[in-house]
Amino acid sequence: MEAEFQKKFMQSWSRYFPGAELPIGFYYTDSAETKFMAKPPKRHRCIIGDLAKVRKGKPQCFDNNAIGCFGGKRYLGFESKLTPDFEYFLSCGIPGKIEGERYKKSPELVKEHLKHQQPLKAPGNYIIFKRWDQMENADIPSVVIFFAAPDVLSGLFTLANFDETHPHGVIAPFGAGCASIVDYPYKELNSPDPRSVLGMFDVSARPCVPSNVLTFAVPWPKFVRMVGNMDESFLITRSWNKVKTRIKKEHAKSNDK
């Protein structure tokens, strides 16, 4: 990533979203960054919980063995196979064998749903997550991910639709928390007009983020456009200034706790 673009975004982010958390980004590679390598899990471990370290400024590198959830392996592109009886796991379960999550009404509905969610194939042996200010010149994120509260999300949502003729510049597809920040937005890179993805509605992943936080994942080409539009958008209006003041106050309040 060009240092000038990296700096430009940070300046604009600070100006229009004062105090809001910096985004993180990820990219795939065949070369591990061993100093950032995540430890293999001893038990089930949600990748969203692992990313809390990245949000605090500690990059993390994962391969298939470092991911502690079968869903994470699938939605980060390292495994295509589903666990046995997955259609029951996601729905009603099997008495005495599987406790169903009840996210879908029936096993048959799960099977139909899966036809719309083809597995991602990781283009590298490793996936590396870094916070924006930790990115180096050689790092070009495929997707930029914001963990944000409603006021910040309103700005990102509106900016994502700023240069679109249709009303669907942002989508909110059903899926796991990791699918909403990796699988879905990464697949949008294949689109001539990639869309941003609003997510973290996954009930199982919710305990891994603060109660007032959702995610907003932006494919890189879309993100570059959004940054280029910031200074001519609604962000320079009095309407946004009212929201911006509240964002700043919320940040100050959280620092006082």
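None of these values were measured; they are calculated from a predicted model.
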Novice: Quick check: do Phe234 and Ser239 have side-chain heavy atoms less than 4.5 Å from each other?
Specialist: no
Novice: Ignoring hydrogens, what is the shortest heavy-atom contact between Val218 and Met226? Give both atom names and the distance.
Specialist: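 Taking Val218 first and Met226 second, the nearest heavy atoms are CG1-SD, 3.7 Å.
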Novice: Kindly compute the distance separating NE2 (His113) from CZ (Phe174), expressed to the nearest 0.5 Å.
Specialist: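 Rounded to the nearest 0.5 Å, the NE2-CZ separation comes out at 5.5 Å.
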Novice: So, the side chain of Lys222 versus the backbone of Ala160: is there a donor-acceptor pair under 3.5 Å, distance only?
Specialist: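 Looks like yes, one N/O pair under 3.5 Å.
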Novice: Are Leu214 and Tyr103 co-members of a hydrophobic cluster defined by side-chain heavy atoms under 4.5 Å apart?
Specialist: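 No; tracing contacts between hydrophobic side chains, which count when under 4.5 Å, never links both residues.
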Novice: Once ring pair (Phe, Tyr, Trp, His ring centres under 6.0 Å) is applied, do any residues pair with Tyr27, and if so which ones, sequence neighbours excluded?
Specialist: none
Novice: Side-chain polar contacts of residues 76-92 - donor-acceptor pairs under 3.5 angstrom, sequence neighbours left out - could you list them?
Specialist:
| residue | atom | partner | partner atom | Å |
| --- | --- | --- | --- | --- |
| Glu79 | OE2 | Asn64 | ND2 | 3.3 |
| Asp85 | OD2 | Lys97 | NZ | 3.0 |
| Ser91 | OG | Glu87 | O | 2.5 |

Novice: Are Trp220 and Phe26 near enough that their ring centres are under 6.0 Å apart?
Specialist: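 No, they do not, as the ring centres are separated by 6.0 Å or more.
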Novice: Do any N or O atoms from the side chain of Lys248 and from the backbone of Ala20 form a donor-acceptor pair under 3.5 angstrom?
Specialist: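 It does not hold such a pair.
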Novice: Spell out, as yes or no, whether a donor-acceptor pair under 3.5 Å connects the side chain of Trp240 to the backbone of Gly155.
Specialist: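 Pair absent, no side-chain N/O of Trp240 close to backbone of Gly155.
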Novice: Side chain of Gln6, backbone of Met135: donor and acceptor closer than 3.5 Å?
Specialist: yes
Novice: Is any side-chain N of the basic residue among Lys8 and Glu2 closer than 4.0 Å to the acidic one's carboxylate O?
Specialist: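 No, no charged N to carboxylate O under 4.0 Å.
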Novice: Measure across Asp139 and Glu33 and return the closest heavy-atom pair with its distance rounded to 0.1 Å.
Specialist: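 Taking Asp139 first and Glu33 second, the nearest heavy atoms are OD1-OE2, 4.4 Å.
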Novice: Find the distance between CG (Asp30) and CG (Asn125) and round it off to the nearest 0.5 Å.
Specialist: 4.5 Å
Novice: Whether Glu108 and Lys111 form a salt bridge (side-chain N of Lys/Arg under 4.0 Å from carboxylate O of Asp/Glu) is what I want to check.
Specialist: no
Novice: Assess, by modelled atom type and distance only, whether the side chains of Asn161 and His168 contain a donor and an acceptor separated by less than 3.5 Å.
Specialist: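 Result is no, nothing qualifies.
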Novice: Enter the distance from Ile236:CD1 to Lys244:NZ here, rounded to the nearest 0.5 Å.
Specialist: 10.5 Å
Novice: In this structure, which one of Arg45, Gln60, Lys39 forms a side chain to side chain donor-acceptor pair (under 3.5 Å) with Asp50?
Specialist: Arg45
Novice: Is any side-chain heavy atom of Tyr75 closer than 4.5 Å to one of Leu120?
Specialist: no
Novice: Does any non-hydrogen side-chain atom of Arg225 lie less than 4.5 Å from one of Glu164?
Specialist: yes
Novice: Among residues at least two apart in sequence or on other chains, which ones pass ring pair (Phe, Tyr, Trp, His ring centres under 6.0 Å) with Tyr184?
Specialist: none
Novice: Is the Trp13-Phe223 ring centre distance short of 6.0 angstrom?
Specialist: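 No, ring centres 6.0 Å or more apart.
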Novice: Can a side-chain donor-acceptor contact be found between Tyr16 and Asp231 if the only test is distance below 3.5 angstrom?
Specialist: yes
Novice: With side chain to side chain contact (heavy atoms under 4.5 Å, CB included) as the test, would you mind laying out the steps for Phe129 and Phe36 before giving the verdict?
Specialist: CA-CA 9 Å; Phe129 293 86; Phe36 302 138; over 6 Å; no
Novice: Decide whether Asn229 and Asp163 meet the rule of one side-chain donor and one side-chain acceptor closer than 3.5 Å.
Specialist: yes
Novice: Around atom CZ of Arg15, are there more than 12 heavy atoms from other residues, nucleotides or ligands closer than 6.0 Å?
Specialist: yes
